[in-house]
There are 2 protein chains.
Amino acid sequence: MLELAILGFLYDAPLHGYLLRKQIAALTGHVRPVPESTLYPAIKRLEKAGLLARATEPGSVAAPRHVLTLTEEGRRELRRRLAEPAQRDITDENRWFTVLAFLRHLDDPRAQAAVLRRRLAFLEEPASFFYDGDRPLRAEELGDPFRRGILTIARATSRAELTWLRDTLASLDDTGH
Amino acid sequence: MLELAILGFLYDAPLHGYLLRKQIAALTGHVRPVPESTLYPAIKRLEKAGLLARATEPGSVAAPRHVLTLTEEGRRELRRRLAEPAQRDITDENRWFTVLAFLRHLDDPRAQAAVLRRRLAFLEEPASFFYDGDRPLRAEELGDPFRRGILTIARATSRAELTWLRDTLASLDDTGH
DNA sequence: GGAGAATACATCGGTTACGAGGTATACGTG
DNA sequence: CACGTATACCTCGTAACCGATGTATTCTCC
């Protein structure tokens, strides 16, 4: 997820680590902090894998910067990760939002639509958080107000997302002729 | 988060690992899988920390079971984790839902309300995913349909949760006299 | 000119996650 | 009686996470 965000931001423009961190923090930082001790090792991993290159520049404000640029392989890898996300990236909202944040980098509307359809299929599965045996329980059946909250919130999210997904898929189908 | 779920389920009744896994999978498995290779080491950690005890029972269906029971310290620890969740547990929806799933185990309505108020404070902060400099961008200002989706979905979630939070806080205040 | 904040990068060590693989029993079906 | 599936637990190795800590520069404000 972190790696996807790094690749996603660098796809637009080269950045140095510090600025990259600001951007990732703006995207997901309020939900999940971005410790430098997670970011810098991740950058190293991607560099080692040949997905990005670094160039040292004299710092314009402070210490020297390492400007990070995606290699051609890195650009391919981002598109690959966006076109074929792991199942976790589809089901986990945190990860899914990261995919969505960069999905525009896939140039083919049909490829974009295919990804949205995977999320649609996931949301359309009858899944709950609480069961009576095999039968999913509805919010109204729960005595516990906190568990009722979970279902209420999840249902509102799901509804909004389904509406958006169907609308967006329709307009992608128009674009993709 | 996994540890919280283990403690939470065992708080109600002793369970063996396999059944515990089923329960956790029902709660969060559709979003995030629960590999056995994560669960069993987690059980061991909690056992080593003195939070739970295991008793071997002849398996009623197959191999022998390890029935897990919370110790008194384990029960205290669950209540402590519920009463004083880490900030991550408040901001990350996955973690937050796990807290909510077991919040009823806090017996004091005022303690429950205090936790909900932390979430309320987080949701009331003006936070976005996308910025123009320092100014948060609204969904309507985004050209990218996918990023617009993120904001649309997040806004729907936030609205539903705020309504639920305020209602629930009001009724907790009644209960808590 | 001293303090504090922001910029900029990095390592270390402990913890957690998890895919791949292994072991064994019991039950139903053909 | 072989095969598949469900039950039930486990280890190993690699990767990833992240708090604490360290280093150095520049800018602002008093």
Side-chain angles (χ1 to χ4, degrees), chain A residues 1-7 14-26 28-29 31-49 51-52 54-68 81 86-89 91-92 94-95 98 133-134, chain B residues 1-7 14-26 28-29 31-49 51-52 54-68 81 86-89 91-92 94-95 98 133-134:
Chain A
M1 212 187 77
L2 178 60
E3 292 187 0
L4 190 66
I6 295 172
L7 296 175
L15 290 170
H16 57 276
Y18 193 81
L19 241 187
L20 181 58
R21 183 166 175 246
K22 293 268 162 162
Q23 301 218 20
I24 298 177
T28 59
V31 167
R32 183 196 171 112
V34 190
E36 299 187 354
S37 50
T38 305
L39 177 65
Y40 286 114
I43 291 173
K44 281 211 168 161
R45 278 203 301 279
L46 296 175
E47 190 188 7
K48 204 174 153 194
L51 305 183
L52 59 82
R54 78 173 72 196
T56 306
E57 256 188 20
S60 65
V61 188
R65 297 162 165 179
H66 291 181
V67 176
L68 310 169
R81 291 193 194 199
Q87 193 55 21
R88 294 271 305 270
D89 296 332
T91 61
D92 185 326
N94 290 170
R95 289 166 171 267
T98 308
D134 274 345
Chain B
M1 213 184 75
L2 178 60
E3 293 187 0
L4 190 66
I6 296 173
L7 296 174
L15 291 170
H16 58 276
Y18 194 79
L19 241 186
L20 181 58
R21 180 163 177 249
K22 292 266 162 163
Q23 301 219 20
I24 298 177
T28 59
V31 167
R32 184 197 169 110
V34 190
E36 299 187 352
S37 52
T38 306
L39 178 65
Y40 285 113
I43 290 172
K44 283 213 165 158
R45 278 202 301 279
L46 296 175
E47 190 189 8
K48 203 174 154 196
L51 304 183
L52 59 83
R54 78 172 72 195
T56 305
E57 256 187 22
S60 65
V61 188
R65 297 163 165 176
H66 292 179
V67 176
L68 310 168
R81 291 193 194 198
Q87 192 55 22
R88 295 272 304 272
D89 297 331
T91 61
D92 184 327
N94 289 171
R95 289 165 171 266
T98 308
D134 274 345

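Note that the structure is a prediction, hence the values are computed from the model and not measured. The figures that follow rest on heavy atoms only: side chains count, while hydrogens, waters and symmetry mates do not. By convention in this document, chain letters (A, B, ...) are assigned in the order of the sequence lines, proteins followed by strands, and residues within each chain are numbered from 1.
Closest to the B:Arg45 side chain, of the nucleotides C:dA8, D:dC10, C:dT16, is C:dT16. Listed nucleotides: C:dC18, D:dA20, D:dC10. Nearest to the side chain of B:Ser37: C:dC18. Between D:dC9, C:dA10, D:dA16, one nucleotide has an atom nearer to the side chain of A:His66 than all others, and that is C:dA10. Side chain of B:Lys22, nearest nucleotide from C:dC9, C:dT11, D:dT7: D:dT7. Listed nucleotides: D:dA6, C:dC18, D:dC17. Nearest to the side chain of B:Arg32: C:dC18. Out of C:dA10, D:dC10, C:dA17, the shortest distance to the side chain of B:Thr38 is found at C:dA17. Side-chain atoms of B:His16 lie closest to D:dC9 of the nucleotides C:dA10, D:dC9, C:dC18. Side chain of A:Tyr18, nearest nucleotide from C:dT7, D:dA8, C:dA10: C:dT7.
The CZ atom of B:Arg65 sits 15 Å away from the C1' atom of C:dA24 (whole-angstrom rounding). Rounded to whole angstrom, the span from the CD1 atom of B:Ile43 across to the C1' atom of C:dT15 amounts to 18 Å. Spacing between atom CG of B:Leu2 and atom P of C:dA17 amounts to 6 Å, rounded to whole angstrom units. Here C:dT7 presents its P atom at 15 Å from CG of A:Leu20, a figure rounded to the nearest Å. The distance from atom CG of B:Leu46 to atom P of C:dA17 is 11 Å, rounded to the nearest whole Å. In this entry the distance linking CG of B:Leu15 with C1' of D:dT7 reads 15 Å, nearest Å. Between the CG atom of B:Asp92 and the C1' atom of D:dC18 there is a distance of 15 Å, rounded to whole Å. Note: OH (B:Tyr40) to P (D:dC12) measures 17 Å, nearest angstrom.
In this structure, A:Leu46 and A:Leu68 have side chains that are not in contact, with every pair of non-hydrogen atoms separated by 4.5 Å or more. A:Leu2 has its side chain within reach of A:Ile24: a pair of non-hydrogen atoms, C-beta onward, lies under 4.5 Å apart. Looking at A:Leu15 and A:Gln23, their side chains come closer than 4.5 Å, going by heavy atoms from C-beta outward.
In this model, no side-chain donor or acceptor of A:Glu36 finds a partner on the base of D:dC18 within 3.5 Å.
A donor-acceptor pair is defined here as one N or O able to donate and one able to accept, closer than 3.5 Å; no such pair exists between the side chain of B:Arg88 and the backbone of B:Arg95. No donor-acceptor pair closer than 3.5 Å links the side chain of B:Thr38 to the backbone N or O of B:Val34.
Not one side-chain nitrogen or oxygen of B:Lys44 sits closer than 4.0 Å to the OP1 or OP2 atom of D:dC9.
Here A:Arg21 lies out of heavy-atom contact (under 4.0 Å) with every strand.
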